[in-house]
Each structure stands twice: as structure tokens, then as C-alpha cells.
Amino acid sequence: MGAYQHILLAVDYSEHGNQVAQRAKNLAEKYQAKLSVIHVLDNIPMPDTGYGTVIPLDKDSGYELLEAEKAKFKLIADQLGAAQANRWMVWGAPKQEIVRLAEREHVDLIVVGSHGRHGLSLLLGSTANSVLHYAGCDVMAIRLLND
Ligand code: AMP
């Protein structure tokens, strides 16, 4: 197996997220790989305007939710030492957007948690399962045990 050059960590802010992030960070250090991080906004309504997708500027609940998501994302990305250009927050379905970004950015390893918010009772959550199925590169699912 050759050295990984570009690792993508998918974060969902679930309880065990730090464990997953730490593994991705260690792998990036080990392989001296570029480390990118993605969070997919799947629980905030996407603002829809005639000009396409924009971040809402009104002080409404959507805005506040988005700001909170951005703050959480920044904290994790800062802890990982991810470069600004390698931080991705996108709207959509996590399983699709993670795979899409990985292809576009020539990622060779995706790191996900075995389960997160959507798969608490499962051995392998739905996002991890789908990413494993559809990604064109290696996928590492960090085994998270239920408490
Ligand atoms: P789940 O399918 O919710 O059990 O999540 C399994 C793993 O998929 C999580 O540990 C994350 O690594 C990733 N994941 C889930 N939801 C998202 C999301 N909205 N954005 C980025 N990654 C996610």
C-alpha cells in the first residue's frame, strides 16, 4: 500500500467525533498527507434565491444555526490544523457530498466514524455504509462502540 497523500475527514459533531478526528490527524501526520475536513449541512434549510445558494444574512433562526455550525466546524478544523483551503462546509446529503468532494479533490482516503448521529444503534451507520459503498478511494470507518 502506497502512502496516502490526501485524507478527508468527515465530521458530524457527534459524541465520539474527537476520536475519529484524532485518528485522521494521526494518519495525516504518519503519511505526511494533506488533511481536508468536511461537514455537510443536512439539518439547516438551504436558502433558495434567484441567485442560487447563498448564506442567509438576516438575523433569523437559520442564520443563528448556521453561525453555530460554523463555530463548531472552526474549532475542530483549528484543532486539526487544517489549512483554510482544505475546510469544506457544504449543503446536501452527507453520503453524496462526502464522496463528491473526495472525487473532486483527488482524496485517496476518507475517514468516517462507524456511526454518528444517524446510526447510534447500528454497527455501521448509514453514512459510513454508503460512503464505503460509493467512494472511489479507500475508506476507513473508525469503530465507535456504543456506551
Ligand atoms: P451516521 O451515518 O450518522 O451514523 O454517521 C457516520 C459517520 O459519517 C460520522 O461519524 C461522520 O464521520 C460521517 N457523517 C455523518 N453525518 C455527517 C455530516 N453531516 N457531515 C459530515 N460527515 C458526516
Side-chain angles (χ1 to χ4, degrees), residues 1 3-48 52-56 60-147:
M1 184 177 73
Y4 291 116
Q5 294 182 336
H6 190 180
I7 296 172
L8 176 64
L9 164 68
V11 295
D12 67 346
Y13 316 137
S14 58
E15 201 188 335
H16 302 289
N18 279 347
Q19 224 175 299
V20 182
Q22 198 51 52
R23 290 295 292 276
K25 188 174 188 215
N26 291 348
L27 282 165
E29 282 167 6
K30 174 177 159 121
Y31 289 108
Q32 298 187 321
K34 175 162 129 181
L35 179 61
S36 291
V37 52
I38 181 171
H39 175 66
V40 184
L41 296 160
D42 60 342
N43 55 0
I44 297 183
M46 180 167 63
D48 197 17
T53 304
V54 293
I55 291 172
D60 59 13
S61 59
Y63 175 89
E64 275 160 25
L65 270 175
L66 182 61
E67 288 304 301
E69 295 279 304
K70 277 159 78 175
K72 281 190 271 183
F73 186 67
K74 182 176 183 308
L75 194 68
I76 293 174
D78 285 350
Q79 281 167 355
L80 288 166
Q84 291 294 337
N86 304 335
R87 301 177 179 196
W88 304 91
M89 263 186 107
V90 296
W91 264 283
K95 53 192 178 193
Q96 282 163 8
E97 297 306 324
I98 294 166
V99 170
R100 199 198 313 266
L101 182 78
E103 272 166 20
R104 207 185 69 201
E105 295 298 313
H106 308 293
V107 164
D108 47 17
L109 176 67
I110 301 172
V111 178
V112 291
S114 59
H115 62 259
R117 288 175 300 153
H118 308 107
L120 280 177
S121 59
L122 304 171
L123 198 55
L124 197 61
S126 62
T127 310
N129 193 24
S130 191
V131 170
L132 271 166
H133 204 83
Y134 292 107
C137 64
D138 288 0
V139 178
M140 183 176 287
I142 306 303
R143 175 76 181 267
L144 300 171
L145 300 172
N146 290 318
D147 291 334

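These values consider heavy atoms only, across backbone and side chains, with no hydrogens, waters or symmetry-generated copies. Throughout, residue positions are numbered sequentially from 1 according to the sequence presented. Because the structure is a prediction, the values reported are computed rather than measured. Counting starts at 1 for both ligands and their atoms, following the listed order.
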Item to check | Salt bridge K72-D12, side-chain N to carboxylate O under 4.0 Å | outcome: no
Checklist entry - What orientation do Y31 and Y4 show, parallel under 30°, tilted 30 to 60°, or perpendicular over 60°? => result perpendicular
Checklist outcome for this item: In ligand 1, the atoms that come under 4.0 Å of a heavy atom of H39 are 19 (N), 20 (N), 21 (C)
Next on the checklist: Only heavy atoms of S126, strictly under 4.0 Å: list the atoms of ligand 1 that pass.
Outcome noted: 2 (O)
Item to check | S114 N/O to ligand 1 N/O under 3.5 Å | outcome: no
Checklist entry - Between D108 and Q5, is there a donor-acceptor pair closer than 3.5 Å when you use the side chain of the first and the backbone of the second? => result yes
Checklist entry - Counting heavy atoms only, which part of P94 comes closer than 4.0 Å to ligand 1: side chain, backbone, both or neither? => result side chain
Next on the checklist: Under the rule for side-chain hydrogen bond (donor to acceptor under 3.5 Å, both in side chains), what residues qualify as partners of R23, not counting sequence neighbours?
Outcome noted: none
Checklist entry - Atoms of ligand 1 less than 4.0 Å from V40 heavy atoms? => result 18 (C), 19 (N), 20 (N), 21 (C)
Item to check | side chain to side chain contact (heavy atoms under 4.5 Å, CB included), paired with I98, selected from T127, V139, V90, V107 | outcome: T127
Next on the checklist: Main chain of S36, side chain of R87: is a donor-acceptor contact present, judged purely on distance under 3.5 Å?
Outcome noted: no
Checklist entry - Going by distance only, is there an N or O of A10 that falls short of 3.5 Å from an N or O of ligand 1? => result yes
Checklist entry - Would you say ligand 1 has an N or O under 3.5 Å from any N or O of I98? => result no
Next on the checklist: Main chain of A10, side chain of H39: is a donor-acceptor contact present, judged purely on distance under 3.5 Å?
Outcome noted: no
Checklist outcome for this item: Within the 4.0 Å heavy-atom cut-off, what I38 brings close to ligand 1 is backbone
Next on the checklist: I'd like to know whether ligand 1 has V20 as a neighbour, heavy-atom separation below 4.0 Å.
Outcome noted: no
Item to check | ligand 1 to G113 polar contact by distance, N or O atoms, under 3.5 Å | outcome: yes
Next on the checklist: Any nitrogen or oxygen of S14 lying under 3.5 Å from a nitrogen or oxygen in ligand 1? Just yes or no.
Outcome noted: no
Next on the checklist: Please enumerate all residues that pass side-chain hydrogen bond (donor to acceptor under 3.5 Å, both in side chains) together with K30, with sequence neighbours excluded.
Outcome noted: none
